[in-house]
Amino acid sequence: MELTQTQIEELYKFTRIHFVEHYDIQTELVDHLANDIEQIWAKQPSISFEEARDTSFHKFGVFGFMEVVEAKQKQLGRRYAKILWRFLKEWFSMPKLILTGLLFCFFYGLLDFKTGSDFLLVILLLLLGIIDGVLAARLWRKAKQRFIEKERKYLLEEIIFRTGIFNLILLFTNFLQFIIHIKYIPAVLEKWVFAGLFTVAILFSNIVLIVIPKRAEELLEENYPEYKQMNTL
């Protein structure tokens with residue numbers, strides 16, 4: 001026996017009821033459940049669809065689909081990190097390397113002032129935080145509207161438009177911790193280190209908040225072969 005389209009839709013609904021909100025994970029679970037249900041029917045053709053579905057679901061254990069969801073989150077998190085690294089590397093190769101060098105020289109020049117260097121560090125960090133905050137808020141609103149308009153939400157899509165923002169917050173938290181422990185840095189290296197950190201922070205912010213979201217459709221099509229096909233329907 002094969003599942004009908006109606007039963008397939010019921011399985012999608014079943015995954016949503018059990019707190020699986022991303023379409024790519026839903027599809028993976030539905031495929032697994034459908035294959036298992038058909039195998040169960042081959043051995044026990046008299047049992048109902050619901051009984052076979054529940055038997056299959058119980059095989060996932062006490063936590064249900066949560067272990068699968070967590071595994072996919074880790075997998076897509078690593079994939080996002082590779083995407084981020086891919087775009088970051090572009091700024092350390094020609095021709096963008098020139099802009100990266102100019103940005104580094106700009107921050108080094110600012111920090112080369114003889115007076116008020118500590119105050120300048122705080123001002124630079126504050127300005128960067130404000131700019132990132134504005135861009136992050138705008139991206140969050142865009143994501144909210146995007147997910148309202150779309151019937152399906154992919155895990156990588158969620159990471160691109162939302163999780164990346166939290167990674168940025170983590171970066172700045174570590175940045176602040178680094179400033180607190182500045183006394184452990186040799187004085188001769190301070191300006192070089194901070195100019196480098198501000199440069200990387202600017203590049204990271206630009207990639208997370210502007211570049212990757214703008215390339216979202218391309219990245220989703222690259223990672224989900226069925227995504228482009230569904231968008232053209």
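Worth saying up front: this structure is predicted, and the values here are computed from it rather than measured.
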Check for a donor-acceptor pair, side chain of W41 on one end and backbone N or O of A52 on the other, with a separation under 3.5 Å.
-> no
Look up atom CD1 in I83 and atom CD1 in I212, then write down how far apart they are to the nearest 0.5 Å.
-> 6.5 Å
Other residues, nucleotides, ligands: >12 heavy atoms within 6.0 Å of R146 CZ | yes
Taking all non-hydrogen atoms of both residues, which atom of I37 and which atom of R53 are closest, and how far apart?
-> CD1-CA, 3.8 Å
Aromatic centroids of Y12 and Y23 separated by under 6.0 Å = yes
State, without any angle test, whether Q75 and K72 hold a side-chain donor-acceptor pair at a distance under 3.5 Å.
-> yes
Spell out, as yes or no, whether a donor-acceptor pair under 3.5 Å connects the side chain of D36 to the backbone of H32.
-> no
Step through the shown structure and confirm whether more than 12 heavy atoms of other residues, nucleotides or ligands are within 6.0 Å of CD on E67.
-> no
Measure across L203 and T100 and return the closest heavy-atom pair with its distance rounded to 0.1 Å.
-> CD1-CG2, 4.0 Å
Close aromatic pair by centroid cut-off 6.0 Å: F14 and F57 | yes
Would you confirm whether the ring centroid of W192 sits within less than 6.0 angstrom of the ring centroid of F104?
-> yes
With no hydrogens and no angle check, is any side-chain donor or acceptor of E51 less than 3.5 Å from a backbone partner on S48?
-> yes
E217 and Y227: side-chain donor and acceptor closer than 3.5 Å?
-> yes
Look at the rings of F60 and F65 and say which category their plane angle falls in: under 30° parallel, 30 to 60° tilted, over 60° perpendicular.
-> perpendicular
Give a yes or no on whether K43 atom NZ has more than 12 heavy-atom contacts from other residues, nucleotides or ligands under 6.0 Å away.
-> no
Supply the atom-to-atom distance F107 CZ to L102 CG, rounded to the nearest 0.5 angstrom.
-> 12.0 Å
Which residue, R162, R152, K150, forms the side chain to side chain donor-acceptor pair (under 3.5 Å) with E157?
-> K150
When rounded to the nearest 0.5 angstrom, what distance separates CD in E28 from CG in L33?
-> 11.0 Å
